[in-house]
Amino acid sequence: MQPARYSQMFIPTLKEAPADAQVASHRLLVRAGFIRQLGAGIYDHLPLARRTLARVERIVRQEMDAIGGQEFHLPALHPAEIWKESGRWEVMGDNMFRLKDRKGADYCLGMTHEEIFTAIARDELRSYRQLPQVWYQIQTKFRDEPRPKSGVLRVRQFTMKDAYSFDVDAAGLDRSYDDQRRAYEKIFTRCGLDFVAVQAHSGAMGGSGSQEFMVRTDAGEDDVAACPKCRYAANTETANSRGPIRPVDAGEPLAAPRKFPTPGVRTIEALERPPHGRSAARQLKTLVYAADEKLVLAVVRGDDELDEAKLQTATGAAQVRPAQPEEIRPLLGADPGSLGAVGVGNCPVFVDGTLAAAVGMVTGANENDVHLEGVDVRRDIGGAKLADLRKVKAGEGCPRCDGALELFKALEVGHIFKLGTKYSVSMKANVLLADGKETPIVMGSYGIGVERVMAAAVELHHDADGIIWPFSIAPFHATILTMGKEPELARAAEEVAAALGRAGMDVLFDDRDERAGVKFKDADLIGIPLRIAVGKRGLAEGKVEWKLRRGKEVDLVATGDVEARARALLAAELG
RNA sequence: CGGGGAGUGGCUCAGCUUGGUAGAGCACUUGGUUCGGGACCAAGGGGUCGCAGGUUCAAAUCCUGUCUCCCCGACCA
């Protein structure tokens, strides 16, 4: 293959990063000439990004094909009807880009493709004999994110590999799911990502189980609780810890809750201070939420934090949001800060499971400036449903072993779901069994954010000078540059470039009329894994400088040895 | 949506408080000197100061509205 010539390529590198770039991947992908912003959460992929993304996609295709996946390409523009069938036209709310055609009919831009693939399955699959099927595509998704941020990490238009499995029964789904999980492990490993597969919250997708593939980085937006001693790892949206959480600092039990005046007290902290002195662990925190627009109460301990995803799971609602003060007052008769669940009968109450046996607790009396003490959760909030609502904290016990949990930030690069029959039932995708009965197809859905894989690799692999790509997804494997203008240097560089090409490397030949320093800086910034520099001194002995981006050492290598050495390096790196 | 910040040559920013008709560095063009880690000198090109109204003899600067972008909280690959 011919080496690419830097002078002919469009690689707009920048000395300074745009002021609004906060995270490393954003800063470096812009500076190194991979991406440019078109609008909030909308990015141009310039040639270098396209090359890297194409490599990621190639790895994804290989691993999908290896488990029997068949590639499709479905429309991004969807008629509203199909989303109304599954009920998600409403569920997706403002996250969906919606538009009308010239006749006024409703359309949307696809956020994901469960509905479209399920429609194909419904229309075309008739018999259990046709199953299992594994279908996938690499396609553009549109989501009207409320808050795009962090460069390419959270955007409104992105590329997703989405795969769907169709099985006759749950056992088949388990196999398909395991195939995908193993494929994901290979994909992310090959892309040079350190990752953990964690237990996840299913959110709007529905279904029985799911795992997220997380890359540990502060640029991520999820919190993961993981046990260093065993394999337990979970998104804090589902993570548990081993009880007892902390000693329940029980107050004095009373025969019945007793009111006491708390003028001006509106916060847990205020109630901890004198003259009240009620520790947060003895307080009940009562929060009002709208779950699918129906008000509910959520109660956690005063020193705990409510996890909204857990509340969503507990209520079974599609959407959960904090209630407005204007909604709360008519419901409970008091303002936030004086709320409690004791005696509340006009809305569902959810109490965190760790409070099941709590006695002698303090809570708001639903009367401004008044609290209750001596509250016995079982006795006084008897109608409540117990649920896991609290967010786990670092250092708490692992639910699976005697280890202690650690918490860290992570970036979600992939998510696999056992959907079950949610979509096949609502969209009537059935097949006939051997005994002639109809059964809904059992489905799974599996996503990978392609740009996120690229960005995650940058987050993980960079230094002060720029990106350090793994060979597998680098835009070029090697770059070659000359130090000086002598024609013999350029000639030698051409030869070395050809040798690298014969070894199977993609080569960028920096033939620009620039000083060596400029070429070095750009090579480091762009992050090409292997750099060969041709200079007068080395060439006098028939040698060139061989340097890996990730290391410090510079080796002098005879030009005749470059090909063999490159071949060996590539074999070692790509396996 | 709630809260905070910012829009001035391609990029990073100054100028705004105290109105007087736009600047620096980088980038770009030309010439010269350089040439192993983002060179130097000289001469150039490039901006209706986000947009729309208003105040004023005069608006980048003051007022109102509006759009866009960024950051912090609720969603997701």
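So you know, we letter chains A, B, ... as the sequences are listed, proteins then strands, and number each from 1.
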Interatomic distance, Gln37(A) CD vs G10(B) P [rounded to whole Å]: 16 Å

G37(B) to G47(B) separation - P atoms, rounded to the nearest Å: 37 Å

Decide, yes or no, whether a salt bridge links Asp555(A) with Lys547(A) under the criterion of side-chain N to carboxylate O below 4.0 Å. no

Separation between the P atoms of G46(B) and U56(B), rounded to whole Å: 35 Å

Using atom P of each nucleotide, how far apart are G7(B) and U61(B) to the nearest Å? 12 Å

Between Arg88(A) and Glu114(A), is there a salt bridge with N-O shorter than 4.0 Å? yes

For atom P, what is the distance between G73(B) and C28(B), given to the nearest Å? 39 Å

Stacked pair Phe158(A)-A77(B), distance under 5.5 Å, angle under 30°: yes

Among C70(B), A77(B), G36(B), which nucleotide has an atom closest to any side-chain atom of Asp20(A)? C70(B)

I want to check one thing: is the phosphate of A39(B), taken as OP1 and OP2, less than 4.0 Å away from some side-chain N or O of Arg515(A)? yes

Tell whether Arg531(A) reaches the base of G37(B) with its side chain through a donor-acceptor pair below 3.5 angstrom. yes

Between G38(B), C76(B), C11(B), which nucleotide gets closest to the side-chain atoms of Glu16(A)? C11(B)

Can you figure out which of C70(B), A77(B), G36(B) approaches the side chain of Met483(A) most closely? G36(B)

Can you check the distance between G9(B) and G5(B), where both ends of the measurement are the P atom (answer in whole Å)? 22 Å

Under 4.0 Å: is that the gap between some side-chain N or O of Arg147(A) and OP1 or OP2 of C72(B)? yes

Expressed as a whole number of Å, how far does the C1' atom of U34(B) sit from that of C71(B)? 45 Å

Would you kindly give the CE-to-C1' distance between Met160(A) and A77(B), to the nearest whole Å? 6 Å

Give a yes or no on whether the ring-centroid distance for Trp469(A) and Phe476(A) is below 6.0 angstrom. no

Donor-acceptor pair present, Asp94(A) side chain and C1(B) base, under 3.5 Å: no

Is Glu237(A) paired with Lys391(A) through a side-chain N to carboxylate O contact shorter than 4.0 Å? no

What interatomic distance, in whole Å, is found between C1' of G54(B) and the corresponding atom of G25(B)? 37 Å

Gln312(A) vs A74(B): side-chain N/O to OP1/OP2 distance below 4.0 Å: no

For a quick check, tell me whether the side chain of Arg154(A) and the base of C75(B) share a donor-acceptor pair closer than 3.5 Å. yes

At under 4.0 Å between heavy atoms, what does Lys149(A) touch on the DNA or RNA strands: base, sugar-phosphate, or nothing? sugar-phosphate

Within the modelled atom types, does a donor on one side and an acceptor on the other bring the side chain of Arg512(A) and the base of G38(B) under 3.5 Å apart? no

Is there a donor on the side chain of Glu514(A) or the base of G38(B) sitting less than 3.5 Å from an acceptor on the other? no

Please measure how far the P atom in U33(B) lies from the corresponding atom in C69(B), and state the result in whole Å. 49 Å

Which listed nucleotide (C69(B), C75(B), A77(B)) is nearest to the side chain of Glu221(A)? C75(B)

Need to verify one output field. Residue with the more 5' nearest nucleotide on RNA chain B, Val450(A) or Pro146(A)? Pro146(A)

Give a yes/no verdict on a cation-pi contact between Arg531(A) and Trp546(A), requiring under 6.0 Å between NZ or CZ and the six-membered ring centre and an angle within 45° of the axis. no

Any salt bridge linking Glu305(A) with Arg390(A)? Criterion: basic side-chain nitrogen under 4.0 Å from a carboxylate oxygen. no

